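We number each residue from 1, following the sequence as shown. Just so it is clear, the structure is predicted and the values come from calculations on it, not from any experiment.
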Amino acid sequence: EVQLVESGGGLVQAGGSLRLSCVASGFTFGGYALAWFRQAPGKEREGVSCIDSTDHRTYYTDSVKGRATISRDNTMNTVYLQLDSLKPEDTATYYCAAEDIRCTYFNGHMYDGMDYWGKGTQVTISS
């Protein structure tokens, strides 16, 4: 059974930091690109960041560039998202997802093409 389990969310003051984790199982983690998405109430799902499986090339949406760092540990089947200088507009449920090899669907905003999804972790930033 494929599973992606996110953790690390919570309530944080603006200006603070969070490190989200996503542990994967049930598929060949090293062969998949891993991505983070978020969705706030009443808003569309937004691709936040993605990391390729091969060269670990990373991609970020403009709103988090300079504040976010995505990384992966293939020995632990885990992908991380470090978020710094948090803003109230970062408040959302954060999901991790996987697609084959490269961040193709992520970069193409074809999010329904992602192969696997987690159930999300809530991040709330207070002002």
Side-chain angles (χ1 to χ4, degrees):
E1 179 190 6
V2 170
Q3 283 192 314
L4 290 169
V5 181
E6 303 93 338
S7 62
L11 175 63
V12 180
Q13 284 193 329
S17 298
L18 275 177
R19 188 193 197 203
L20 305 180
S21 301
C22 174
V23 179
S25 60
F27 63 98
T28 307
F29 184 83
Y32 281 76
L34 278 299
W36 287 95
F37 294 83
R38 65 187 180 185
Q39 189 165 20
K43 294 189 176 180
E44 290 189 354
R45 183 173 45 185
E46 176 187 27
V48 178
S49 183
C50 190
I51 183 167
D52 282 338
S53 66
T54 51
D55 55 7
H56 293 190
R57 185 173 180 179
T58 58
Y59 307 89
Y60 299 94
T61 192
D62 286 346
S63 62
V64 303
K65 280 181 181 175
R67 302 190 296 120
T69 304
I70 190 171
S71 61
R72 61 189 294 161
D73 183 344
N74 287 354
T75 67
M76 300 292 289
N77 284 7
T78 302
V79 60
Y80 304 97
L81 182 69
Q82 176 73 33
L83 287 169
D84 300 316
S85 303
L86 286 162
K87 304 175 182 180
E89 50 264 44
D90 293 319
T91 294
T93 301
Y94 283 70
Y95 302 88
C96 69
E99 66 171 300
D100 193 32
I101 303 176
R102 294 203 172 273
C103 300
T104 304
Y105 287 115
F106 176 88
N107 287 325
H109 299 272
M110 297 180 287
Y111 301 152
D112 289 343
M114 304 299 287
D115 292 303
Y116 309 120
W117 288 88
K119 294 184 178 180
T121 185
Q122 177 67 37
V123 172
T124 303
I125 310 303
S126 63
S127 57

Problem set entry | Spacing of Leu18 atom CG and Tyr94 atom OH [to the nearest 0.5 Å] | 8.5 Å
For this session: Determine whether the side chains of Thr61 and Arg38 contain a donor N or O and an acceptor N or O closer than 3.5 Å.
Result: no
For this session: Compare all side-chain heavy atoms of Glu46 with those of Ser63 and state whether any distance is below 4.5 angstrom.
Result: yes
Exercise. When hydrophobic residues are tied together by side-chain contacts of less than 4.5 Å, even through go-betweens, does Tyr80 share a cluster with Phe106?
Worked result: no
For this session: Please assess Ser7 against Thr121 for the test side chain to side chain contact (heavy atoms under 4.5 Å, CB included), listing each intermediate value before the final yes or no.
Result: CA-CA 6 Å; Ser7 62; Thr121 185; 5.6 Å; no
For this session: Hey, could you give me the CD/OH distance between Glu99 and Tyr32, rounded to the nearest 0.5 Å?
Result: 10.5 Å
For this session: Examine distances only and state if a side-chain atom of Asp115 and a backbone atom of Asp100 form a donor-acceptor pair shorter than 3.5 Å.
Result: yes
Exercise. Is the closest side-chain heavy-atom distance between Ile125 and Glu89 below 4.5 Å?
Worked result: no
Exercise. Atom SG of Cys96 and atom CE of Met114: how far apart are they, to the nearest 0.5 Å?
Worked result: 9.0 Å
For this session: Write down the atom of Cys50, the atom of Ala35, and the distance for their closest heavy-atom approach.
Result: SG-CB, 3.8 Å
Problem set entry | Residues Ser126, Leu11; criterion side chain to side chain contact (heavy atoms under 4.5 Å, CB included); working and verdict | CA-CA 7 Å; Ser126 63; Leu11 175 63; 4.2 Å; yes
For this session: Give a yes or no answer on whether the side chain of Thr58 reaches the backbone of Ile51 with a donor-acceptor pair at less than 3.5 Å.
Result: no
Exercise. Do you know which two heavy atoms are closest between Tyr111 and Gly47, and how far apart they sit?
Worked result: OH-N, 3.3 Å
For this session: Apply side chain to side chain contact (heavy atoms under 4.5 Å, CB included) to Ile101 and Thr54, showing your working.
Result: CA-CA 7 Å; Ile101 303 176; Thr54 51; 4.1 Å; yes
For this session: State plainly whether one hydrophobic cluster holds both Tyr116 and Val5, where clusters connect Ile, Leu, Val, Met, Phe, Trp and Tyr through side-chain heavy atoms under 4.5 angstrom apart.
Result: no
Seminar exercise, completed: Between Ser127 and Ala14, the two heavy atoms sitting closest are CA-CB, 4.3 Å
Exercise. Roughly how far, to the nearest 0.5 Å, is the OG1 atom of Thr104 from the CE atom of Met110?
Worked result: 7.5 Å
Exercise. Between Phe37 and Trp117, how do the two ring planes meet: parallel, tilted or perpendicular, split at 30° and 60°?
Worked result: tilted
Exercise. Do other residues, nucleotides or ligands put more than 12 heavy atoms under 6.0 Å from Tyr105 OH?
Worked result: no
Exercise. Is a side-chain donor or acceptor of Tyr59 paired with a backbone partner of Asp52 at a separation under 3.5 angstrom?
Worked result: no
For this session: Evaluate the side-chain proximity of Glu6 to Val123: yes if any heavy-atom separation is below 4.5 Å, no if none is.
Result: no
Exercise. What is the minimum heavy-atom distance between Thr78 and Phe29, and which atoms define it?
Worked result: N-CZ, 3.4 Å
Problem set entry | Salt-bridge criterion met for Lys87 and Asp90 (N-O under 4.0 Å) | no
Exercise. Cys22 versus Leu34: any side-chain heavy-atom pair under 4.5 Å?
Worked result: no
Exercise. After noting the C-alpha distance and the side-chain angles of Asn74 and His56, does the key distance pass the side chain to side chain contact (heavy atoms under 4.5 Å, CB included) rule?
Worked result: CA-CA 11 Å; Asn74 287 354; His56 293 190; 3.9 Å; yes
For this session: Check Leu4 against Ala97 and note the closest heavy-atom contact, atom names and distance.
Result: CD1-CA, 3.9 Å
For this session: Group every Ile, Leu, Val, Met, Phe, Trp and Tyr by side-chain heavy-atom contacts under 4.5 Å, then state whether Val23 and Ile70 land in the same group.
Result: no
For this session: Supply the atom-to-atom distance Leu20 CG to Trp36 CH2, rounded to the nearest 0.5 angstrom.
Result: 4.5 Å
For this session: Output the distance between atom CG (Asn77) and atom CZ (Arg72), rounded to the nearest 0.5 Å.
Result: 9.0 Å
